[in-house]
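Excluded from the calculations below are hydrogen atoms, water molecules and symmetry mates; all remaining heavy atoms, backbone and side chain alike, are included.
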Amino acid sequence: MSIPTLILPAWLRPHLLQANHPGQLASQDLLRLREGLATYSPEKPAASIVIPAFNEAEHIAKTLSSLASLQLPRTRPIELLVVDDASTDATPEWLEALGVRFIRLPSNLSAKEARKAGLEACRGEIVLQADADSVYPPGWGFRFLDLLAQPEVAMVYGGHAFLPDPRTSRVALAVHEGLGNVARQIRRRHREHINVHGFNSAFWRGQGLQYGSYDHDQWGSEDGQMALALGKVGKLVYCHQLSCRVWTSPRRLLAQGGLWKGSARRLARDWRRMKEYLTGKS
């Protein structure tokens with residue numbers, strides 16, 4: 001089980017850029033990011049980092065900064081593909097300024113449609129799912145690749161922590177994460193797919209195309225649906241190492257009426273489904 005931390009790791013701080021447009025970033029910083037991201041253009045990638053993005057100008061520089069600093073393995077070339085879901089802010093400008101490969105959907109569809117488009121357009125044998133409002137540790141993804149080399153493993157996922165936000169303290173966020181870790185351990189018995197997030201997971205592209213799906217009902221999520229489908233093909237494996245822990249924005253949680261209201265709603269949901277988690281029966 002991941003232990004919440006109250007202190008931001010040293011590797012994270014340089015990536016907390018405060019810029020909503022590439023014109024707000026110093027030219028040397030733009031050059032540094034562009035050079036780091038240039039390594040994601042191999043002719044024959046072994047894996048693909050796929051990111052859906054809709055109006056992420058406020059956050060995507062942090063994400064791309066962290067990816068520019070990944071310690072990529074030379075024997076496993078990786079490509080980066082962003083799916084711009086018809087953003088109306090400066091998201092495309094960021095991608096163009098930093099030389100990131102991206103495709104643009106004709107109209108704002110949905111996260112699941114953006115993920116579908118990315119799955120179809122990427123070229124790697126393995127899909128590393130990421131998000132445009134998350135920050136990735138230097139060794140992220142490598143343990144995923146190792147675990148997927150085991151024939152019985154269909155999908156790998158990691159944990160997360162929340163980035164600081166002016167609306168709540170890091171202490172409060174750590175408490176929420178601790179409660180979430182307990183729920184995650186309980187769900188692993190019969191409903192592990194609920195634990196899987198699209199900002200921190202990986203699977204074989206061929207299996208995703210053949211057996212997977214991002215379609216879900218109103219109670220589910222596109223990443224959980226993919227995990228549910230692939231869990232019928234092989235094992236879902238949780239990676240507990242710090243290199244698999246992603247730092248992400250708490251904005252969706254806070255949008256549910258604040259941290260404590262959002263936490264209460266999630267706890268109530270887990271309590272209602274506790275029998276299902278423990279027995280596999282609804």
Looking at every non-hydrogen atom in both residues, tell me the closest pair between [X] and [Y] and how far apart they are.
{"X": "E93", "Y": "P22", "value": "O-CG, 3.8 Å"}
{"X": "P250", "Y": "L173", "value": "CB-CD2, 4.2 Å"}
{"X": "S213", "Y": "A229", "value": "N-CB, 4.2 Å"}
{"X": "L254", "Y": "T168", "value": "CD2-CG2, 4.3 Å"}
{"X": "R170", "Y": "A161", "value": "NH2-CB, 4.0 Å"}
{"X": "S69", "Y": "H15", "value": "OG-CE1, 3.3 Å"}

I'd like to check [X] versus [Y] (side-chain heavy atoms, cut-off strictly below 4.5 Å). Are they in contact?
{"X": "Q129", "Y": "R115", "answer": "yes"}
{"X": "I51", "Y": "I60", "answer": "no"}
{"X": "L242", "Y": "P137", "answer": "no"}
{"X": "L72", "Y": "Y40", "answer": "yes"}
{"X": "Q225", "Y": "Y214", "answer": "no"}
{"X": "L147", "Y": "C239", "answer": "yes"}
{"X": "L253", "Y": "R266", "answer": "yes"}
{"X": "D133", "Y": "L163", "answer": "no"}

Pairs satisfying ring-ring contact (aromatic ring centres under 6.0 Å, His included), at least one member in residues 169-192, at least two apart: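 Residue pairs with at least one partner in residues 169-192: F162-H176.
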So, does [X] use its side chain to make a donor-acceptor pair with the main chain of [Y] at under 3.5 Å?
{"X": "R34", "Y": "A97", "value": "yes"}
{"X": "Q207", "Y": "V233", "value": "no"}
{"X": "S48", "Y": "V50", "value": "no"}
{"X": "R101", "Y": "L80", "value": "no"}
{"X": "R104", "Y": "S87", "value": "yes"}

Should [X] and [Y] count as an ion pair when the cut-off is N to O under 4.0 Å?
{"X": "R191", "Y": "D270", "answer": "no"}
{"X": "R251", "Y": "D165", "answer": "no"}
{"X": "E56", "Y": "K62", "answer": "no"}

Would you say [Y] ends up clustered with [X] if hydrophobic residues are merged whenever their side chains have heavy atoms under 4.5 Å apart, either directly or through other cluster members?
{"X": "L37", "Y": "V135", "answer": "no"}
{"X": "L148", "Y": "V196", "answer": "no"}
{"X": "V82", "Y": "V127", "answer": "no"}
{"X": "L81", "Y": "Y136", "answer": "no"}
{"X": "F144", "Y": "L230", "answer": "no"}

Qualifying residue for side chain to side chain contact (heavy atoms under 4.5 Å, CB included) with L98, from L33, L25, L31: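 The passing option is L33.
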Member of D85, T91, L105 meeting the side chain to side chain contact (heavy atoms under 4.5 Å, CB included) criterion with F54: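 When side chain to side chain contact (heavy atoms under 4.5 Å, CB included) is applied between F54 and each of D85, T91, L105, only D85 qualifies.
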Just checking [X]: does its [atom1] atom have more than 12 heavy atoms from other residues, nucleotides or ligands closer to it than 6.0 angstrom?
{"X": "W271", "atom1": "CH2", "value": "no"}
{"X": "Y211", "atom1": "OH", "value": "no"}
{"X": "R189", "atom1": "CZ", "value": "no"}
{"X": "E43", "atom1": "CD", "value": "no"}

Matching residue for H160 among W247, F199, Y238 - test: ring-ring contact (aromatic ring centres under 6.0 Å, His included):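 The single option meeting the ring-ring contact (aromatic ring centres under 6.0 Å, His included) with H160 is F199.
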To the nearest 0.5 Å, what is the distance between [atom1] ([X]) and [atom2] ([Y])?
{"X": "L128", "Y": "F203", "atom1": "CG", "atom2": "CZ", "value": "9.5 Å"}
{"X": "T279", "Y": "M274", "atom1": "OG1", "atom2": "CE", "value": "11.0 Å"}
{"X": "N108", "Y": "E113", "atom1": "CG", "atom2": "CD", "value": "11.0 Å"}
{"X": "S221", "Y": "H197", "atom1": "OG", "atom2": "NE2", "value": "8.0 Å"}
{"X": "L67", "Y": "W140", "atom1": "CG", "atom2": "CH2", "value": "7.0 Å"}
{"X": "H193", "Y": "L228", "atom1": "NE2", "atom2": "CG", "value": "4.5 Å"}

Criterion side chain to side chain contact (heavy atoms under 4.5 Å, CB included) on L236 and R188, from CA distance to verdict: CA-CA 9 Å; L236 305 181; R188 288 181 67 184; over 6 Å; no
Is it the case that the side chains of [Y] and [X] hold a donor-acceptor pair, with the cut-off being a distance below 3.5 Å and no angle test?
{"X": "N195", "Y": "R187", "value": "yes"}
{"X": "D131", "Y": "S134", "value": "no"}
{"X": "Y157", "Y": "E192", "value": "yes"}

Chi angles and distances behind the side chain to side chain contact (heavy atoms under 4.5 Å, CB included) call for D146, R76: CA-CA 11 Å; D146 291 339; R76 294 173 175 176; 3.0 Å; yes
Test side chain to side chain contact (heavy atoms under 4.5 Å, CB included) applied to Q150 and V237, step by step: CA-CA 11 Å; Q150 301 174 24; V237 176; 5.9 Å; no
